[in-house]
Amino acid sequence: MNEQELDEVYGDFCRTLSAVSEAQATPFLARFALLAFHEINDVRRIRALIQEAGPERA
Amino acid sequence: MTTSNPTRPSRAFVPYPFTATRHAARLPGLVGDEETGVHRVLIVGAGPVGLATALGLANHGVASVVLEADDSVCTGSRAICISRRSLEIIDQLGALPAFLNTGLPWLGGRSFYRNDEVLRFQMPHDTAQRLPPMINIQQYYIEQFLLDACKTRRGLIDIRWQSRVSAIQPDAAGASIQVLTPSGEYRCRTQWLIGCDGARSIVRDAAGLKLEGTSYEGRYVIADIALKSERPVERLAWFDPPSNPGSTILMHRQPDDIWRIDYQLRDDEDPEEAVRPDNVIPRIESHLQMMGEREDWSPIWISLYKANALTLNRYRQGRCLLAGDAAHLVPIFGVRGANSGFEDAHNLAWKLALVVSGQAGDALLDTYSEERVKAARENLSAGIKSTEFMSPPNFAFQWMRTAALSLAVKHQWIRSLINPRQTQASAYAGPPQPVLRRAATEFQDGPAPGAALIDLPLMIWDGRNSRAGHLTQLLHPGFTLLYFTHAELPLSLTAPLADWSKRHVPVRIVPLFVKVRSSNAGPSGTDISGNLWRAYDAQVGSAYLIRPDGHVLARWHRATNDDIKHAMEWILHHE
């Protein structure tokens, strides 16, 4: 994925998330995460990503 | 961290360190309340775009009248970032030295999320470039320097100050204009009317055109302050900084120890309240302290900004033409406002000059509209992306931005999302294939038809004199044929082209030699390093036909006289 593609897919994702509405955003993100599990298809990488995404240190 | 301290005396405002000359109103020669004669071109608005258009027309020998409601150049915080492409245009208008003497060049910038640097970017630049990718300069200087250039075109640019347009009646032959001045009111006629009169354009309304697009709710406070600081000139951005948690802050250094500070308001803030100095000053104070700025500072100007992404669907309606903010409003993020206005002016001037002088059909002006509307849509699309990041329109953009910023501390790959995507020269659609009479794949490299020239160093010859220079300095206000050769120009090309030029529109042939120069009386270039030939994928006999605005009209290997005439006739008599 090049910079322009990242730009586009980021924009698409934001617009879809906007349309989903804030109330439905959490289930949407959870479903997206599960679909990504299947695409990544690598337990070690998924575990590393879960660690990485974990709560931001303020 | 400091916040507002009620016992602290409020800071006093200081003026901009610039005194604008006030210009008196002046009435033209009148019969009754009617100006005698008909102007060929009348421009409404003496801002950067109006003045650039008048200067562009003057380059082609076309006189214009410029009506300006105000009595001086602008004041307050307006455009400050001028791009390389704009500087190339300003060079063609004869005002470049003043811009380079005063403006502060810069190459890139840094962005921070909380306490961490998350982006360091550089705009495209190398030592072969003649001009910096960007300079910072106040708009009053921009207008003053263009005005100074206008004074050298006596008889061609008639600027009328304190002349407010109160009514416009467009018709098939031009327009009638009602002008109000403190010395009296009069009516005048023009064959062509150009609206360079900004966001609230009266010309646009008279032409019956409407801006369409999106207005954003997010608001920014824009402040100019006087501050002595030794920091380098770069674009600085802070997301959620400790000085102003939750806010986004942008800073730019300007000439004369002035700094531009923009910061985003929270959705729940009342904008009227937020721009009050006693609310603005503590926020700036807190931020300067966080940066470690110890020098005393003073506010100069505070205003409120709301991003718009709007354009007209066309910039021509009969004999009315629109340019700059009158035609489109682009968000400030990415600095496409004044810069796209310069490109409008530069695209319009030569086309209108050819139409006014009868050398081209008026359909050429439709290409102004087509090319610049397309450019505005591209500018809007890039500007909208920047705005969605800098001023997230809803929870989704806000969440994703926070996620991207927090990951960017560690992950390089995501940082491109934070890059401000600064303005670039527009590329237009070139002529259709049958006009070029060659396959589009003929060239492997170099600017394609429609693109702006790539400026590269070369030795410039004029008769026996030579100097180190750059390719765009070989352009003149008309069309230019850049012809790559090792020897004299072929007579089979020059003789018929000279004959055609005499009867239609001048095309100046400029030979470009590689390494050594063959004798030639007129202006020519020698590409000492061979880099220019490589960058243009040139062979002996390759030719690039350049429009007066520096965009490539067409290019061929082994160009013939017929190829060139064909392309010229296509552009001049566009149907």
Side-chain angles (χ1 to χ4, degrees), chain A, chain B residues 1 113-116 118-119 121-124 214 216-218 239-242 245-246 267 309 333-334 378 380-422 424:
Chain A
M1 186 162 57
N2 63 30
E3 288 186 3
Q4 196 182 334
E5 288 166 336
L6 172 63
D7 231 45
E8 283 166 15
V9 83
Y10 176 89
D12 290 348
F13 191 88
C14 288
R15 272 179 285 280
T16 308
L17 185 57
S18 313
V20 159
S21 87
E22 194 163 355
Q24 290 301 311
T26 312
F28 168 84
L29 293 171
R31 275 197 300 276
F32 187 84
L34 282 176
L35 291 167
F37 280 15
H38 185 68
E39 287 298 312
I40 298 162
N41 194 27
D42 177 334
V43 173
R44 279 179 53 185
R45 283 181 62 201
I46 293 171
R47 289 209 166 111
L49 291 176
I50 294 169
Q51 279 301 111
E52 191 71 45
E56 192 190 348
R57 288 173 300 279
Chain B
M1 192 183 86
Y113 172 59
R114 298 188 176 166
N115 287 309
D116 298 304
V118 289
L119 175 74
F121 75 94
Q122 286 260 309
M123 291 178 283
T214 313
Y216 289 86
E217 285 308 311
F239 298 96
D240 195 15
D267 292 346
F333 311 108
E378 286 166 8
L380 287 175
S381 151
I384 285 169
K385 277 185 194 162
S386 298
T387 305
E388 284 171 346
F389 201 84
M390 296 308 298
S391 182
N394 64 32
F395 79 94
F397 286 89
Q398 181 69 50
W399 290 4
M400 291 300 289
R401 185 180 84 165
T402 305
L405 288 167
S406 61
L407 288 173
V409 177
K410 195 173 146 196
H411 294 272
Q412 189 83 35
W413 61 270
I414 208 162
R415 296 183 180 179
S416 66
L417 290 173
I418 309 167
N419 197 305
R421 306 174 182 90
Q422 306 286 11
Q424 288 182 320

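By convention in this document, chain letters (A, B, ...) are assigned in the order of the sequence lines, proteins followed by strands, and residues within each chain are numbered from 1. Fair warning: this is a prediction, and the values are worked out from it, not measured in the lab.
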- Tyr10(A) vs Glu388(B) side-chain heavy atoms within contact, under 4.5 Å: no
- Applying a strict 4.5 Å limit to non-hydrogen atoms, the region of Arg415(B) in contact with chain A is neither
Might you point out which heavy atoms bring [X] and [Y] nearest each other, and give the distance in Å?
X: Phe397(B); Y: Ser18(A); value: CE1-OG, 3.6 Å
X: Leu17(A); Y: Trp399(B); value: CD2-CE3, 4.3 Å
X: Ala25(A); Y: Phe395(B); value: CB-CE1, 3.8 Å
X: Ile414(B); Y: Leu6(A); value: CA-CD2, 4.3 Å

Would you say [X] has more than 12 foreign heavy atoms packed within less than 6.0 Å of its [atom1]?
X: Gln4(A); atom1: CD; answer: no
X: Glu3(A); atom1: CD; answer: no
X: Gln51(A); atom1: CD; answer: no
X: Asp267(B); atom1: CG; answer: no

- Query: When rounded to the nearest 0.5 angstrom, what is the spacing between CE in Met400(B) and CZ in Arg15(A)?
  - Reply: 11.5 Å
- Report the distance from atom SG of Cys14(A) to atom CD of Gln398(B), rounding to the nearest 0.5 Å. 10.5 Å
- Using non-hydrogen atoms and a 4.5 Å limit, figure out which bit of Thr16(A) sits close to chain B: side chain, backbone, both or neither. neither
